[in-house]
Amino acid sequence: METWRFMAGVVMVLALGLIGVALATNFRGVTEWHMRRSMTTASVLRRVPPWRWLPDAQYDERLARFVLLERVMGAVFAAASVLFLITLVYQVLSGEPMP
């Protein structure tokens, strides 16, 4: 097995695992921070008619839903990193990449 494939696999497992666990567990508020930044950036794309007023409670509800969605996505990333780890171990033990 080539060295670059092994190194790429290790980097991919670490990146997906760390990002997935950080998002899924809301480590140090990283998920909420990311969603606040994303919603602030994307708020320019959302058109609101001038006669419509949006209360702050709706923003908090949307934030809570998006944080939950991102935590689920983090769990999926963490599960994918486990699958990549199994593939990497198989490649190392067999000496060949998976067909």
State yes or no: do [X] and [Y] share one hydrophobic cluster built from I, L, V, M, F, W and Y residues joined by side-chain heavy-atom distances below 4.5 Å, directly or via other members?
| X | Y | value |
| --- | --- | --- |
| Val11 | Trp4 | no |
| Met12 | Val76 | no |
| Phe66 | Val30 | no |

task = Go through the steps to decide whether Met73 and Leu23 satisfy the test side chain to side chain contact (heavy atoms under 4.5 Å, CB included), and finish with yes or no.
result = CA-CA 8 Å; Met73 288 172 48; Leu23 291 177; 5.7 Å; no
request  = Starting at OG1 of Thr31, measure out to CG of Leu69 and round the result to the nearest 0.5 Å.
outcome  =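 Going from the OG1 atom of Thr31 to the CG atom of Leu69 covers 11.0 Å.
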message = With rounding to the nearest 0.5 angstrom, report the CG to CG distance, Leu83 to Leu88.
response =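 So the CG of Leu83 and the CG of Leu88 are separated by 12.5 Å.
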Contact summary for [X] and [Y], nearest pair of heavy atoms:
| X | Y | value |
| --- | --- | --- |
| Ser81 | Leu16 | CB-CB, 3.7 Å |
| Leu85 | Val13 | N-CG2, 3.6 Å |
| Ala24 | Gly74 | CB-C, 3.8 Å |

ask   = With a cutoff of under 4.5 Å between side-chain heavy atoms, which Ile, Leu, Val, Met, Phe, Trp and Tyr residues group with Ile86?
value =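 In the cluster with Ile86 are Val82.
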query = Is Phe27 close to Val21 at the side-chain level, that is, under 4.5 Å between some pair of heavy atoms?
reply =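 They are not in side-chain contact.
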request  = Could you check if a side-chain atom of Arg71 sits within less than 4.5 angstrom of a side-chain atom of Asn26, using non-hydrogen atoms only?
outcome  =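 When only atoms from C-beta onward are counted, Asn26 and Arg71 do touch, with a gap below 4.5 Å.
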task = Could you list all the salt bridge (Lys or Arg N to Asp or Glu O under 4.0 Å) pairs where at least one residue sits in residues 14-41, not counting sequence neighbours?
result =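 Residue pairs with at least one partner in residues 14-41: Glu32-Arg36.
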task = Go through the structure and list residues passing side chain to side chain contact (heavy atoms under 4.5 Å, CB included) with Arg65, not counting sequence neighbours.
result =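 Expected list: Arg62.
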